[in-house]
Amino acid sequence: MRHGAVWVTNLDRGTLLRIPIDRGRPGPARVKAAGLAGIDDIAFAGTGDDHIIAALNGPNKVVRIDAAGRAKTLLTAAAGLQNPTSVAVRDRTVYVLSAAYTTATDPNLMLAVPPGASG
């Protein structure tokens, strides 16, 4: 839960949803970003809700999603990503679990400080 809401991804629809929680009850889900094929996991960069880092599994990408729902690519397969499934952010470092389940070659944990990752 973050700032009074639960944030979830829908891999099949490629969406990021925000579900507000008021007095322990969920409100209506709102699509905060779309067109994110293969979105699997998210992490917040900074203290607000306006910079979200997301792992896009099938496309082998890590993107930054801004407050308007626009995605900017931060990392790709060219950086060594293979089916990124999880992301975490600490300070300016982005940690990405590169599962490599379709290639079964070199699954790893990547550490990166991509431009714009935390602000």
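Numbering of residues begins at 1 and proceeds along the displayed sequence.
Minimum heavy-atom separation, P26 to I21: CA-CD1, 3.7 Å. A pairwise comparison of heavy atoms in G27 and I19 identifies O-CG2, 3.6 Å as the closest pair. Summarising the geometry of A37 relative to L56, their closest heavy-atom pair is O-CB, 3.7 Å, with the distance given to 0.1 Å. When all heavy atoms of A55 and S86 are compared, the pair lying nearest together is CB-N, 4.3 Å. Of all heavy-atom pairs spanning A43 and A88, the tightest one is CB-CA, 3.9 Å. Here the closest non-hydrogen pair linking P107 and A99 is CB-O, 3.3 Å.
With a 4.5 Å cut-off on side-chain heavy atoms, V62 and I53 count as touching. By the 4.5 Å heavy-atom criterion applied to side chains, L36 and T15 are not counted as neighbours. At a threshold of 4.5 Å between non-hydrogen side-chain atoms, the residues I52 and W7 count as touching.
Neither L81 nor L97 shares a network with the other; the hydrophobic side chains, linked directly or stepwise wherever heavy atoms of I, L, V, M, F, W or Y lie under 4.5 Å apart, form separate groups for each. There is no path of hydrophobic side-chain contacts, each under 4.5 Å, that joins Y95 to V89.
For the atom pair OG1 of T73 and CZ of R64, the computed distance is 12.0 Å after rounding to the nearest 0.5 Å. Once rounded to the nearest 0.5 Å, the distance linking CG of D66 with NZ of K32 reads 10.5 Å. Distance CG/N57 to OH/Y101: 3.5 Å, rounded to 0.5 Å. Taken from OG1 in T76 to CG in L74, the straight-line distance is 10.5 Å, to the nearest 0.5 Å.
Between the side chains of T102 and N83, at least one donor-acceptor pair of N or O atoms lies under 3.5 Å. A side-chain N or O of Q82 and one of T103 form a donor-acceptor pair less than 3.5 Å apart.
Side-chain atoms of T9 do not come within 3.5 Å of backbone N or O of L11 as any donor-acceptor pair. For N10 (side chain) and R13 (main-chain N/O), a donor-acceptor pair under 3.5 Å exists by modelled atom type. For the pair D41 (side chain) and V87 (backbone), a donor-acceptor distance under 3.5 Å is present.
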